[in-house]
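Order of listing sets the numbers, starting from 1, for every ligand and every atom in it.
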Amino acid sequence: MPGVSESPSQKPLLRALAGEAVWPPPMWLMRQAGRYLPEYREIRAEAGDFIALCTAPAMAAEVTLQPIRRYGMDGAILFSDILMVPWAMGQPLHFAEGEGPMLEPVRDAAAIGQLDPSVCAANAAPIIETVRLVRAGLAEEAPRTTLIGFAGSPFTVACYMVEGHGSRDFAAARGMAYGDPALFGRLIRILIDASADYLCAQADAGAEVLMLFDSWAGLLAPSQFRRWVIEPTASLVRAIRKRHPTIPLIGFPRLAGPMLAEYAQRTGVQCLGVDTSMDLRWAASAVPPSMCLQGNLDPLSLVTGGMALETEARSILGAMRGRPFIFNLGHGIEKVTSPENVSTLVRLVRTG
Ligand SMILES: Cc1c2[nH]c(c1CCC(=O)O)Cc1[nH]c(c(CCC(=O)O)c1C)Cc1[nH]c(c(CCC(=O)O)c1C)Cc1[nH]c(c(C)c1CCC(=O)O)C2
């Protein structure tokens, strides 16, 4: 759109992150690029496997932009995965159809010693190139949409690295944290440094916001949550701040429950992603009034649609009106979601 300025102050999502109660609220959806969209499935089939897609900049940029074209979302999240950091450090990874991610588990000092952070930047270069392409694409096609870069938080990425696959309780990873905290701490330290470099590279390439996904934070006892979620996240935030003092950061400690208050106070993020289980009004009472909240529609209500969707969405809007807020889901969109239900939701949120 020639002539339309890309001034950051005009971008609704950046204004909400800066503490403004923008209304109707800016919106985007976690996993908004994905298998529920036919245009995604087409490119995914062309790419072959998922890692190939994440490391093919033109295709990854295209799928990042698909939900922006279809729905005009206020946020475009880079198409990649939190497990690309361990992959970039040399840990073998593949995505088995129907089984999710499979990694060669890292469970002892020798395996951790084999990780090579020095090759991370070179291996991640195609992902950083995707960020550049998306930013240029947005400037042309959607100048009010904000580009969100991301990484997993050290704890959640360590969960997959130690366990080797998804799990209900990540017992091996949490067992290592109790049984050999020095070794687990070494892995966490490696992840803090690698993630800081990776996120700063995304910011250098044009990401305007960075989000930290901590999907499994809620598995931890409070003492462990402080040690393996709050402290490493605070270190990661400090490392990013040295190089990018003002870039807004969104933290998403999923299922953190009442630990959310301490996370908000001590990590240094500007915005909290709130998961589906949490009462948004409670979350608002537990954090400073200027802190932006993001969430938390149940992805299942979006699958169902109709009155269930309308009731849930309106209740979130009612609770968040008058404070800085970004409308989102409380977890990733389900692949059985109908694209029409997403259109309905966008219309609903846009009319406030
Ligand atoms: C835990 C986690 C992962 N990845 C992610 C998390 C944190 C958020 C959460 O809790 O959901 C984050 C993620 N994964 C993906 C994105 C891309 C951007 C977006 O949100 O649109 C983001 C931000 C793409 C993806 N990541 C994955 C897909 C599906 C791969 C495919 O197309 O075959 C996509 C689109 C694969 C993936 N990647 C991961 C799992 C467990 C799976 C398998 C589950 C599944 O298949 O849906 C690890």
Side-chain angles (χ1 to χ4, degrees), residues 27-56 59-68 70-71 73 75-87 91 93-103 127 130-131 134 145 147-161 163-168 170 173 195 198-199 202 207 209-219 250-256 273-277 294-296 299 328-337 339 342:
M27 74 179 297
W28 66 281
L29 304 179
M30 289 191 275
R31 293 274 181 99
Q32 64 190 14
R35 285 168 295 190
Y36 74 107
L37 288 178
E39 61 268 36
Y40 169 83
R41 292 196 298 267
E42 210 171 285
I43 297 210
R44 173 79 168 71
E46 201 183 309
D49 75 85
F50 179 67
I51 294 176
L53 176 53
C54 290
T55 52
M59 284 195 272
E62 173 62 24
V63 295
T64 304
L65 292 169
Q66 284 173 344
I68 314 308
R70 200 187 251 261
Y71 302 115
M73 297 295 185
I77 187 155
L78 166 69
F79 188 84
S80 181
D81 197 83
I82 65 166
L83 299 177
M84 295 311 283
V85 167
W87 172 84
Q91 186 175 13
L93 164 71
H94 72 277
F95 286 83
E97 198 59 56
E99 278 178 274
M102 307 295 280
L103 299 108
I127 301 171
T130 305
V131 174
V134 175
T145 297
L147 176 52
I148 305 166
F150 74 92
S153 292
F155 173 69
T156 286
V157 176
C159 277
Y160 285 98
M161 292 176 79
E163 211 77 27
H165 48 77
S167 159
R168 213 163 23 91
F170 288 92
S195 308
Y198 175 61
L199 288 163
Q202 292 181 40
V209 175
L210 300 172
M211 177 154 166
L212 304 172
F213 285 89
D214 214 338
S215 305
W216 300 104
L219 292 176
I250 306 172
F252 180 48
R254 196 169 72 90
L255 301 175
V274 179
D275 67 75
T276 297
S277 73
Q294 170 177 283
N296 77 342
N328 204 320
L329 300 175
H331 200 189
I333 197 165
E334 299 278 344
K335 71 173 172 197
V336 295
T337 305
V342 178

So which heavy atom in the protein is nearest atom 11 (O) of ligand 1, and how far is it from that ligand atom? His331 NE2, 3.1 Å

Checking a contact table here: which protein heavy atom is nearest atom 10 (O) of ligand 1, and how many Å away? Ser215 OG, 2.5 Å

Min over His165, Arg31, Glu99 of heavy-atom distance to atom 19 (C) of ligand 1 lands on Arg31

of all protein heavy atoms, closest to atom 34 (C) of ligand 1 is Phe50 CE1, 3.5 Å

Quick test: of every protein heavy atom, which one is nearest to atom 22 (C) of ligand 1, and how far off is it to 0.1 Å? Phe150 CZ, 3.7 Å

List in chain and number order the residues that pass side-chain hydrogen bond (donor to acceptor under 3.5 Å, both in side chains) with Glu334, two or more places apart in sequence or in another chain; answer none if no residue qualifies. none

Output every pair passing ring-ring contact (aromatic ring centres under 6.0 Å, His included) with a member in residues 28-47, not counting sequence neighbours, ordered by first then second residue. Tyr40-Phe79

Can you find a heavy atom in the side chain of Leu210 that is under 4.5 Å from one in the side chain of Ile250? no

Considering only the protein, which heavy-atom contact is closest to atom 38 (N) of ligand 1, and what is its distance? Asp81 OD1, 2.7 Å

Contact check, side chains of Gln294 and Met211, non-hydrogen atoms, under 4.5 Å: yes

Among protein heavy atoms, which sits nearest to atom 32 (O) of ligand 1, and what does the distance come to when rounded to 0.1 Å? Tyr40 OH, 2.5 Å

Any non-hydrogen side-chain atom of Phe252 less than 4.5 Å from a side-chain atom of Val274? no

So is Leu78 in contact with ligand 1, going by heavy-atom distances below 4.0 Å? yes

Atom 31 (C) of ligand 1: the protein heavy-atom neighbour that sits closest, reported with distance to 0.1 Å: Arg44 NE, 3.2 Å

Which heavy-atom pair separates Ser277 from Leu255 by the least distance, and what is that distance? OG-CD2, 3.5 Å

Quick check on Pro101 - does any of its heavy atoms sit under 4.0 Å from an atom of ligand 1? yes

Could you tell me the residue and atom name of the protein heavy atom closest to atom 24 (C) of ligand 1, and the distance to it rounded to 0.1 Å? Ser80 O, 3.3 Å

Indicate, as side chain, backbone, both or neither, the part of Arg35 found under 4.0 angstrom from ligand 1 when only non-hydrogen atoms are considered. side chain

Hey, are the side chains of Pro101 and Leu93 touching, using non-hydrogen atoms and a 4.5 Å cut-off? yes

At under 4.0 Å between heavy atoms, which part of Pro67 makes contact with ligand 1: side chain, backbone, both or neither? neither

Provide the number and element of each atom of ligand 1 under 4.0 Å from a heavy atom of Phe213. 7 (C), 8 (C), 23 (C)

Trp87 versus Gln91: any side-chain heavy-atom pair under 4.5 Å? no

Using side-chain heavy atoms (C-beta onward) and a distance below 4.5 Å, is Pro339 in contact with Pro38? yes

Heavy atoms, side chains only, cut-off 4.5 Å: are Asn296 and Leu329 in contact? no

Could you list the atoms of ligand 1 found under 4.0 angstrom from a heavy atom of Tyr160? 1 (C), 41 (C)

contact_flag Gly166 ligand 1 heavy-atom lt 4.0 Å: no

Report, in ascending order of atom number, the atoms of ligand 1 lying under 4.0 Å from any heavy atom of Phe79. 35 (C)

Measuring only between side-chain heavy atoms, which start at C-beta, is Ile82 closer than 4.5 Å to Phe213? yes

